[in-house]
Amino acid sequence: MKKIRYLLTIFLVFAMIAASCGGDGDDDAAEEDETSTEETTDEATEDEGDEATDEGDEATDEGAEVVTDFGVDAENKVIKVGLNADLSGPFASLVSEIVASQEVYWEVFNEAGGYEGWTVEPVVIDSGYQTDIGIQNYEELAQESEEGVLMITENTGSPITSAIAQQAAEDNVLVIPLSWASLWPDPEFGAAILEKQTTYCIESMNGIE
Amino acid sequence: MFRRPLLRTAYEQDAAILPTVFQKVAMGLLLLGTVLTALGAPVLQAIPDFFLGATWLNPVSNMITLGVAALGFTILVGVTGQVSIGHSFFMGVGAYMAVALGGPGDGGTACVPFHEELGLLEESGVCGLGLPIWIWLPAAGVAAALVGMLVSPAAVRVRGLYLAIATIGLVFIGLHLGRMLPEFAGDFESGRTWPELQIKLWKEEVPLIDMTSDGTWFGLIHLSEEQKQFFFLTALFIIFAIAAKNIIRSRTGRALAAIRDRDIAAEVMGVPEQKYKRIGFAISSFYAGIGGALFASYNGRVAPVQWSLFLSVDFIAILLIGGAGTIAGTILGTMFVELTPEVVKRFTDWLGDQVAGEGIVATLANVMLTEGSGDFGPISLTPASPGWPMSVFLWNFVIFGVLIVLFMIFEPLGLFGIWIRIRNYWKGWPFSY
């Protein structure tokens, strides 16, 4: 009897410790999440501030007679950008935050009045990190109609990016990949690809030297 | 008595591909509908875009290439009863055979190793031989069939769940080889370029039938690139589906079915088990190889990670939802599994457009959808939102899983079983019970 009570006490103590730890852990995790999203949002803001102004510059350079590509609605002053993201595949948890940060950025950008009245509408499609679906999404985003987008600001993964690279060069659609493969600096293959950081190869060379 | 579905008065009727008038008419209507839809006939323009439309050609063509491989899976798992999860490995074998033979030849710009040019990584040999499709497509099937025959002795030693586990190993061996043999598989991250779907006599510049640019076929109809490829793939699929149906209703098919029902009993009856299991694996892998080669060359550039376990699991879903062991079930299952995510996505898009309107649809859309936060709809319009409410992409997973469970419990024969139930109801109407 004494033994059982002894065991019960130990069990209860453990249970309480476990419960308190669990609660703490959750809080910490939540706080971390919040801070990390903020960070990514900041980074995205820095990254894409340049692009947005670039687009705006192009538009204003043309003067009143704006020459528009697919994905640019000159009447309502809306520019569409596409995100061919992995929201349900192996990188879903990472890419969801990156996509969310871009969406938040464009929301803030648009609420602040956009660039001289031009607003940006992100179009997000999920590829699940599957090449065939990624290509379908690209065709959908880059279609030459009112539903098409001007450029793809996020394209998850080397397999999908390399599968659409040549088509994007033909269609004249700029693609920013979420991928750092050595293929993108190739002037012929990566003609439509705007790589945003050093490639894995160069990065590892830097690490060794 | 006349035209009763199950009343056979001659052996020819029993073995016919489309035994009843209804099936002949249904198949004819399906083909007619397919052709009209692909051509964008004016009658069909009135139907909302989430159901039909030109942007469907790409998903449907992909579905057809996977459907060819699914036919092979049906022959192996549905007819022969050998549960194999290595199907994506055989697809990969076929695809790499196709690219080795048919890939862009020496001197072509598409196969110049970029890494060498940049001095980053020595990599050579990713050029193909540039042979035409009538060589690389059958070769892809034959190569996969040979590998399948090598694997088949395992099926004689182990059966059921153990064979499934053994064949899982093939997928991982395949992925490992893809990583270890860059001169064959290309870069692990980004793959290599597959031959285009062109019909050539030999290595000439101008193809016999051009399928990579818009143009007029036979001086009759003007077709876009996607439409041409769609018709080519559909024609191939019909040929392969009829061939599969013929295999199933032949002596070989009956032997395979005998092994499925009870392998020892089959052997007692004089069906050599090892031989027919080898034949089953060979036929199935042949289809897988062809399907893999078509899939890869339709998509143009595929990385080795594509031939993963998930692709094999897709085929199991096709088999379970469609109905095991029938060609019609395979076609229904492939359509269902490959197109449901697209339908759900487009339906949600369409529903999102209805919110602004009035009436029942708008109310329904309001209840179903959540934009931003503070709403109670189960579907979130913000795609990148983890947690509740879930985005449409995550809902697709849930729908998929729930459907497989429901089919397993309530309709083990799959979509084909539902059809049989409907047919049986009307067969005895008005005295059906």
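Lettering of chains follows the sequences in order, A, B, ..., and the numbering in each one begins at 1.
The closest donor-acceptor contact from the side chain of B:Gln306 to the backbone of A:Gln130 lies at 3.5 Å or more, if one exists at all.
In terms of the side chain to side chain contact (heavy atoms under 4.5 Å, CB included) criterion, residue partners of B:Phe232 (sequence neighbours excluded) are, by chain and number, B:Ile133, B:Leu197, B:Ile199, B:Met211, B:Leu236. Every side chain to side chain contact (heavy atoms under 4.5 Å, CB included) that B:Pro304 has, sequence neighbours left out, goes to B:Tyr96, B:Ala185, B:Phe188.
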Checklist entry - Where do B:Arg301 and A:Gln167 land on the side chain to side chain contact (heavy atoms under 4.5 Å, CB included) test, with the steps shown first? => result CA-CA 11 Å; B:Arg301 203 177 165 94; A:Gln167 190 63 39; over 6 Å; no
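For B:Phe295, the part lying near chain A is the side chain, with the backbone staying farther off; criterion is any non-hydrogen pair under 4.5 Å. For a residue to count as touching a neighbouring chain, one of its non-hydrogen atoms must lie under 4.5 Å from one of that chain's; by this rule B:Asn299 touches chain A with backbone and side chain alike. Looking at A:Asp86, neither its backbone nor its side chain comes within 4.5 Å of chain B, counting heavy atoms on both sides.
B:Val305 has its side chain within reach of A:Pro159: a pair of non-hydrogen atoms, C-beta onward, lies under 4.5 Å apart.
Expressed to the nearest 0.5 Å, how far CG of B:Asn396 lies from CG of A:Leu87 amounts to 12.0 Å.
Other residues, nucleotides and ligands contribute more than 12 heavy atoms inside 6.0 Å of the OH atom of A:Tyr200.
Of the residues considered (A:Ile135, A:Ile164, A:Ile133), A:Ile135 shows the highest number of contacts with chain B, using heavy-atom pairs under 4.5 Å.
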